[in-house]
Amino acid sequence: MSAPVFKCSDVGPESLELHYYSNRPALGPIVVGVLHGLSERYWGLGRGELGVSLLRSRDDGSDDHEVFRVTYPYQEDLRNWHQPPPRRHAFTVEPDTFYELFPFHILLDRNCTVLQTGAALARLLPGLQTGSLLEEHFLLRHPYVNLEYDKICGEQNNAFLLKSRDTGMELKGQMLPVPVPLHPGTACPAKAEGLLFMGSVRLAGLEDMQHHKLFLSDIPLHDLNRDFVLLAEQRHAEAQLKERFEALSLELKQANAKLEDTTRWLQEERLRSDRLLYQMLPADVATCLKHGERAPASEHEEATILFSDICGFTEISARCSPLEVCALLDELYHQFDTVIEEFPELYKVETIGDAYMVVANVTLPCDNHADLLLEFAVRMHEVARDVRSSLGEPVSIRVGLHSGPVVAGVVGKKMPRFCLFGDTVNTASRMESHGLPGQIHISQACYSCIRVKERFVIRERGNISVKGKGMMRTYLIAPAEQEAHLHSPARRSTSGAFASERYTPSFTTGRSNQLRPQPSWLMSPMRTFSSASMSGASVDALPTHGSDPFEGHAIGIHDSASGTPLVRCVEAQDEVEPAVLATLSRMIIGDVLEREEAERKALESPELHSPAR
């Protein structure tokens with residue numbers, strides 16, 4: 001884009017003519033606005049004081065450019081203003097010296113014919129010979145006049161821009177009218193009018209020098225183009241460095257963002273891997289193995305271990321396909337694993353076939369480890385009833401618990417496993433194998449570790465023969481009775497060893513007809529049992545007996561407030577142990593309170609007091 005040219009003429013104290021040259025048409029109104037803005041900003045002249053009118057323009061064909069008449073308040077300084085006459089100087093420098101000092105000069109005669117060129121132009125433009133016209137080799141890009149002597153002399157206050165027709169190289173400088181000797185090299189003093197172009201080549205950087213085949217030595221030392229070229233190259237290098245730095249910064253930001261995403265993904269994967277690892281090994285053991293250390297074995301003076309298996313699993317395996325068996329175990333163990341998440345103190349050790357092993361007070365210390373594991377065992381029975389095999393039969397499990405010292409540690413290098421060692425593990429397994437379907441079988445040691453025995457309906461099974469252990473006293477817990485015990489009114493209103501403080505138990509012997517229950521609805525079919533039969537069946541499964549009077553032990557229940565004896569007789573063929581009688585007494589008290597609750601609700605019912613009844 002070429003810059004416009006302004007020139008003033010006919011300057012007077014009150015007006016002047018402004019000539020506007022531009023290769024972009026229809027920009028005259030902009031000149032008017034620019035003049036008003038400049039006069040107001042720099043000279044304080046308002047729009048009423050400065051007048052601008054168009055005299056001639058290219059649009060009406062009166063001129064080849066726009067000419068404006070500018071009027072302003074009277075200026076004394078401009079009264080004697082006049083254009084100084086063109087100055088003429090003798091061309092006294094030797095041509096050879098001038099030729100070396102100014103390598104880009106051009107000497108012209110009045111017809112703009114080339115008389116002499118500088119050293120650089122002679123090398124770069126070999127066609128620019130003496131006697132050729134300037135317009136054959138160059139275009140005048142600025143000012144917008146023809147290459148004629150008179151017009152050029154009128155524009156000597158403007159910078160001239162010449163562009164080579166062959167190479168596109170641009171020369172910028174000024175034109176001066178100079179006398180030219182008619183006979184150079186002789187003593188003839190005759191002179192002729194001529195023009196001297198003094199300039200230098202326009203360069204944007206080293207690339208332009210390479211394009212035009214210029215050397216740094218072609219530019220004279222006094223020419224600032226040397227500094228401009230080097231400065232432009234430095235700026236170009238700085239710009240490239242800045243662009244590269246910005247590109248690297250952007251790449252670094254993208255890399256950082258990607259790294260953050262990768263780090264976040266790795267963190268999530270690490271947490272997922274840790275969660276999976278902590279499901280297979282205790283957290284402290286897994287941490288040791290992650291750091292390449294060997295996890296030392298640990299001794300635990302008291303822990304409770306649970307084993308469970310599926311009753312009739314061999315028959316189920318024979319009647320179902322392996323895939324069905326696998327699906328059954330997966331569903332059952334999924335239910336168990338869901339329940340065990342509610343007990344953070346418990347740790348699932350392993351599953352082998354249909355066997356499920358859990359330990360308490362090993363990975364996390366807890367004083368009520370036996371109570372927690374019993375609660376979990378009850379929950380295991382609850383969820384197991386909801387699982388059915390592919391044959392449509394509900395799953396029945398048996399559970400065994402034992403408490404004692406154990407040693408815990410990791411064995412093996414590949415696929416390390418957290419294992420428990422000690423006789424406690426074997427005994428707990430024996431409790432499970434000698435248990436009853438649908439019940440929880442615990443040892444005397446586990447029974448002793450229970451902190452709150454009133455929370456469970458525990459029946460003594462008696463002394464039984466255990467493989468590899470001999471005779472052991474064990475206990476049974478029926479989950480169905482446990483649920484009824486937890487939700488019964490007696491359970492909800494009681495916090496002691498027996499169901500209610502209102503009733504107190506007593507154990508007597510004699511004829512049962514002497515202790516007939518009052519009122520009569522407390523009587524129920526009497527249960528015949530012996531201490532030997534108690535070791536093989538639950539109380540609910542004992543055979544019934546007639547209601548005739550009989551000799552034997554009896555459980556007596558008395559109303560503490562009124563002293564009324566409320567008795568349910570139980571015949572014993574031989575001596576009954578106190579623990580059995582205590583368990584039966586709790587069952588009887590629960591029945592009493594439930595019946596009282598039913599009578600109270602019946603009396604409070606509005607139907608009993610309606611006229612129809």
Side-chain angles (χ1 to χ4, degrees), residues 1-87 139-163 170-177 195 197-200 202-204 223-225 227-228 231-232 235-236 238-239 242:
M1 181 182 296
S2 301
V5 176
F6 294 91
K7 186 176 69 171
C8 296
S9 64
D10 298 334
V11 179
E14 294 182 347
S15 66
L16 58 80
E17 288 186 2
L18 178 66
H19 299 260
Y20 169 65
Y21 300 87
S22 176
N23 56 4
R24 291 176 292 174
L27 294 183
I30 296 180
V31 176
V32 177
V34 171
L35 291 174
H36 282 293
L38 290 174
S39 63
E40 183 177 358
R41 180 171 181 179
Y42 292 102
W43 295 287
L45 299 178
R47 289 187 176 271
E49 298 178 285
L50 183 74
V52 181
S53 59
L54 182 64
L55 296 180
R56 299 183 299 275
S57 69
R58 287 176 289 183
D59 296 338
D60 58 11
S62 59
D63 209 330
D64 59 351
H65 62 282
E66 281 74 27
V67 181
F68 297 91
R69 169 68 67 180
V70 181
T71 60
Y72 41 80
Y74 182 82
Q75 301 291 327
E76 180 63 27
D77 295 340
L78 299 179
R79 188 169 62 86
N80 298 322
W81 185 90
H82 62 277
Q83 185 103 10
R87 294 173 295 173
L139 294 173
L140 181 59
R141 301 291 302 276
H142 191 274
Y144 307 111
V145 295
N146 296 327
L147 284 174
E148 298 176 2
Y149 180 83
D150 294 332
K151 290 186 177 181
I152 291 176
C153 289
E155 302 291 341
Q156 53 184 305
N157 290 328
N158 288 324
F160 281 74
L161 181 63
L162 301 176
K163 183 176 182 180
E170 292 183 345
L171 302 176
K172 184 177 180 180
Q174 67 179 115
M175 288 282 192
L176 293 175
L195 294 170
F197 173 78
M198 296 288 293
S200 60
R202 292 185 67 181
L203 298 172
D223 194 341
L224 290 179
N225 256 350
D227 299 331
F228 291 155
L231 181 61
R235 294 288 179 85
H236 181 66
E238 291 176 355
K242 183 179 179 180

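As a basis for the values below, the full set of heavy atoms in this structure was taken, side chains included, without hydrogen atoms, waters or symmetry mates. All figures in this text were calculated on a predicted structure; none of them were measured in a lab.
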Checklist entry - Which word best sums up how the rings of Tyr21 and His65 line up, parallel for under 30°, tilted for 30 to 60°, or perpendicular for over 60°? => result parallel
Item to check | Closest heavy-atom pair and its distance - Pro143, Ala159 | outcome: CD-O, 3.7 Å
Checklist entry - What's the verdict on side-chain contact (heavy atoms from CB on, under 4.5 Å) for Leu162 and Leu140, showing C-alpha distance, side-chain angles and the deciding distance? => result CA-CA 5 Å; Leu162 301 176; Leu140 181 59; 3.7 Å; yes
Item to check | Distance in Å, Leu45 CG paired with Leu38 CG, rounded so as to fall on 0.5 Å steps | outcome: 11.0 Å
Checklist entry - Is any side-chain heavy atom of Pro177 closer than 4.5 Å to a side-chain heavy atom of Gln156? => result yes
Checklist entry - Distance from Met175 atom CE to Leu147 atom CG, nearest 0.5 Å? => result 6.5 Å
Checklist entry - Under 3.5 Å, is there a donor-acceptor pair between the side chain of His19 and the main chain of Glu66? => result no
Checklist entry - Quick one: NE2 on His142 to NZ on Lys163, what's the gap to the nearest 0.5 Å? => result 15.5 Å
Checklist entry - Counting only heavy atoms not in Glu238, do more than 12 fall under 6.0 Å of its CD? => result yes
Next on the checklist: Atom OH of residue position Tyr74 - does it have more than 12 heavy atoms of other residues, nucleotides or ligands inside 6.0 Å?
Outcome noted: yes
Checklist entry - How long is the gap from OG on Ser39 to CG on Leu50, to the nearest 0.5 Å? => result 4.0 Å
Next on the checklist: Between Asn146 (side chain only) and Glu148 (backbone N and O only), is there a donor and an acceptor less than 3.5 Å apart?
Outcome noted: no
Checklist entry - How many angstroms lie between atom CZ of Arg141 and atom CG of Leu171, to the nearest 0.5 angstrom? => result 12.5 Å
Item to check | Backbone of Gly12 reached by a side-chain donor or acceptor of Glu14 within 3.5 Å | outcome: no
Checklist entry - Going through the distances and angles, do Tyr72 and Leu16 end up as a side-chain contact (heavy atoms from CB on, under 4.5 Å)? => result CA-CA 9 Å; Tyr72 41 80; Leu16 58 80; 3.9 Å; yes
Checklist entry - Is Phe6 close to Val31 at the side-chain level, that is, under 4.5 Å between some pair of heavy atoms? => result yes
Checklist entry - Going through the distances and angles, do Leu35 and Val32 end up as a side-chain contact (heavy atoms from CB on, under 4.5 Å)? => result CA-CA 5 Å; Leu35 291 174; Val32 177; 5.8 Å; no
Checklist entry - Would the number of heavy atoms belonging to other residues, nucleotides or ligands and lying under 6.0 Å from CZ of Arg58 be above 12? => result yes
Next on the checklist: One thing to verify: whether Glu17 and Lys7 come together as a salt bridge, which I'm taking to mean a side-chain N less than 4.0 angstrom from a carboxylate O.
Outcome noted: no
Checklist entry - OH of Tyr20: more than 12 outside heavy atoms within 6.0 angstrom? => result yes
Item to check | Student check: side-chain heavy atoms of Val145 and Asn158 closer than 4.5 Å | outcome: no
Checklist entry - Got a second to check how far Leu55's CG is from Phe68's CZ, nearest 0.5 Å? => result 9.0 Å
Next on the checklist: Evaluate Leu176 against Leu195 for side-chain contact (heavy atoms from CB on, under 4.5 Å), listing each step before the verdict.
Outcome noted: CA-CA 6 Å; Leu176 293 175; Leu195 294 170; over 6 Å; no
Item to check | Arg69 and Val52, any side-chain heavy atoms less than 4.5 Å apart | outcome: no
Checklist entry - Sub-3.5 Å donor-acceptor pair from the side chain of Glu49 to the main-chain atoms of Gly46, do we have one? => result yes
Checklist entry - Hey, do the aromatic rings of Phe160 and Phe197 have their centres closer than 6.0 Å? => result no
